[in-house]
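This chain uses plain numbering: 1 for the first residue, then up along the sequence. Owing to the predicted nature of the structure, the values given are computational and were not obtained by experimental measurement.
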Amino acid sequence: QVRLVESGGGLVQAGGSLRLSCAASGRTFGHFAMGWFRRAPGKERVFVAGISWSGESTDYADSVKGRFTISRDDGKNTIHLQMSSLKPEDTALYYCAAIEVGLEFVGKSTTSYEYWGQGTQVTVSS
């Protein structure tokens, strides 16, 4: 079993930055492709960013390209989402997700992932 715990959310003004973290435990972290998703109030959970097990491949939703950066630190079993130039529409509950894969893969669908964290709230004020 894999446990994912997100942190780093909070309240920030538009134009500001936040860095989310997701700490994983329970399995060998280096074998996992990881992703960030978010769910705004009244909306479905959607893909934000993903990173392959090797860290060599990343992908982003169009809405966050150029503003968000996903990275991983296998030594600390942690991934990060650096968010800059935040907008009110980035307000959402942000989830970390993981799937064990043996190939270079970045999942963009919720169905691509097996393990999920509980989420961390990001609120961007205008």
Side-chain angles (χ1 to χ4, degrees):
Q1 188 66 293
V2 173
R3 182 169 181 247
L4 304 174
V5 179
E6 302 95 337
S7 61
L11 174 64
V12 63
Q13 289 188 333
S17 299
L18 279 176
R19 188 191 195 209
L20 305 185
S21 297
C22 172
S25 61
R27 298 278 290 277
T28 304
F29 182 70
H31 296 167
F32 283 82
M34 306 292 294
W36 287 98
F37 289 73
R38 67 186 182 188
R39 181 168 61 196
K43 296 186 178 181
E44 295 184 349
R45 192 178 306 192
V46 297
F47 172 76
V48 175
I51 188 166
S52 64
W53 71 273
S54 70
E56 293 183 357
S57 300
T58 59
D59 204 351
Y60 299 89
D62 288 342
S63 59
V64 306
K65 280 181 181 177
R67 300 189 298 122
F68 291 11
T69 302
I70 188 171
S71 62
R72 63 189 298 150
D73 183 344
D74 288 354
K76 296 183 179 180
N77 287 2
T78 302
I79 66 167
H80 303 286
L81 185 68
Q82 179 67 47
M83 306 186 295
S84 304
S85 302
L86 283 162
K87 305 175 182 179
E89 51 263 45
D90 293 318
T91 294
L93 188 60
Y94 282 72
Y95 298 90
C96 173
I99 180 69
E100 187 172 19
V101 294
L103 45 80
E104 197 69 5
F105 169 79
V106 179
K108 300 180 69 173
S109 168
T110 55
T111 58
S112 298
Y113 294 90
E114 182 175 3
Y115 303 102
W116 292 86
Q118 294 301 306
T120 185
Q121 178 67 38
V122 172
T123 303
V124 184
S125 63
S126 58

Query raised in the report: Are Leu20 and Val64 linked, directly or through other ILVMFWY residues, by side chains that come within less than 4.5 angstrom of each other?
Result: yes
Report task. Give, for atom CZ of Phe68 and atom OG of Ser17, the distance between the pair rounded to the nearest 0.5 Å. Result -> 9.5 Å
Query raised in the report: So Asp62 and Lys65, salt bridge (Lys or Arg N to Asp or Glu O under 4.0 Å) or not? Walk me through it.
Result: CA-CA 5 Å; Asp62 288 342; Lys65 280 181 181 177; 3.2 Å; yes
Query raised in the report: If you measure from CD on Gln121 to CG on Leu11, what distance do you get to the nearest 0.5 Å?
Result: 9.5 Å
Report task. Hey, could you give me the CE/CD1 distance between Met34 and Ile51, rounded to the nearest 0.5 Å? Result -> 9.5 Å
Requested in this report: Using atom types as modelled and distance alone, determine if a side-chain donor or acceptor of Tyr95 lies under 3.5 Å from a backbone N or O of Glu6.
Outcome: no
Query raised in the report: Is Val124 reachable from Val48 through a run of hydrophobic residues whose side-chain heavy atoms are each under 4.5 Å from the next?
Result: yes
Query - Pro88 to Ala14 - nearest heavy-atom pair and separation - result: CD-CB, 4.1 Å
**Report entry** Trp36 CH2: over 12 foreign heavy atoms closer than 6.0 Å
**Finding:** yes
**Report entry** Minimal non-hydrogen separation, Ile70 against Tyr60, with atom names
**Finding:** N-OH, 2.9 Å
Show me the side-chain donor-acceptor pairs of residues 78-86 shorter than 3.5 Å, one per line, residues at least two apart or across chains.
| from | atom 1 | to | atom 2 | distance (Å) |
| --- | --- | --- | --- | --- |
| Thr78 | OG1 | Lys76 | O | 2.7 |
| His80 | ND1 | Ser21 | OG | 2.9 |
| His80 | NE2 | Arg19 | NH2 | 3.4 |

Requested in this report: Kindly check if the number of other-residue, nucleotide or ligand heavy atoms within 6.0 Å of CD (Gln118) is above 12?
Outcome: no
**Report entry** Sub-4.5 Å side-chain heavy-atom contact between Arg38 and Tyr94
**Finding:** yes
Report summary line: Correct closest heavy-atom pair for Ser63 and Arg67 would be O-NH2, 2.8 Å
**Report entry** Nearest heavy atoms of Gly50 and Tyr113, plus distance in Å
**Finding:** CA-OH, 4.5 Å
Query raised in the report: Roughly how far, to the nearest 0.5 Å, is the CD atom of Glu44 from the OG1 atom of Thr110?
Result: 8.5 Å
Query raised in the report: Rounded to the nearest 0.5 Å, how far does CG of Asn77 lie from CZ of Arg72?
Result: 9.0 Å
Query raised in the report: What orientation do Phe47 and Phe37 show, parallel under 30°, tilted 30 to 60°, or perpendicular over 60°?
Result: perpendicular
Query raised in the report: Can you pull the salt bridge (charged side-chain N to carboxylate O under 4.0 Å, His left out) pairs that have at least one residue in residues 111-126, sequence neighbours excluded?
Result: none
Query raised in the report: Between NZ of Lys87 and OG of Ser126, what distance do you get to the nearest 0.5 Å?
Result: 14.0 Å
Query - Single-linkage hydrophobic cluster, 4.5 Å side-chain cutoff, Trp116 and Leu93 together - result: yes
Query raised in the report: Given the rule that I, L, V, M, F, W and Y join up when any side-chain heavy atoms are under 4.5 Å apart, are Val106 and Leu103 in one cluster?
Result: no
Report summary line: For Glu100, the salt bridge (Lys or Arg N to Asp or Glu O under 4.0 Å) test, sequence neighbours excluded, returns Arg27
Query raised in the report: Counting distance only, does the side-chain N/O of Tyr115 pair as donor-acceptor with the main-chain N or O of Leu4 below 3.5 Å?
Result: no
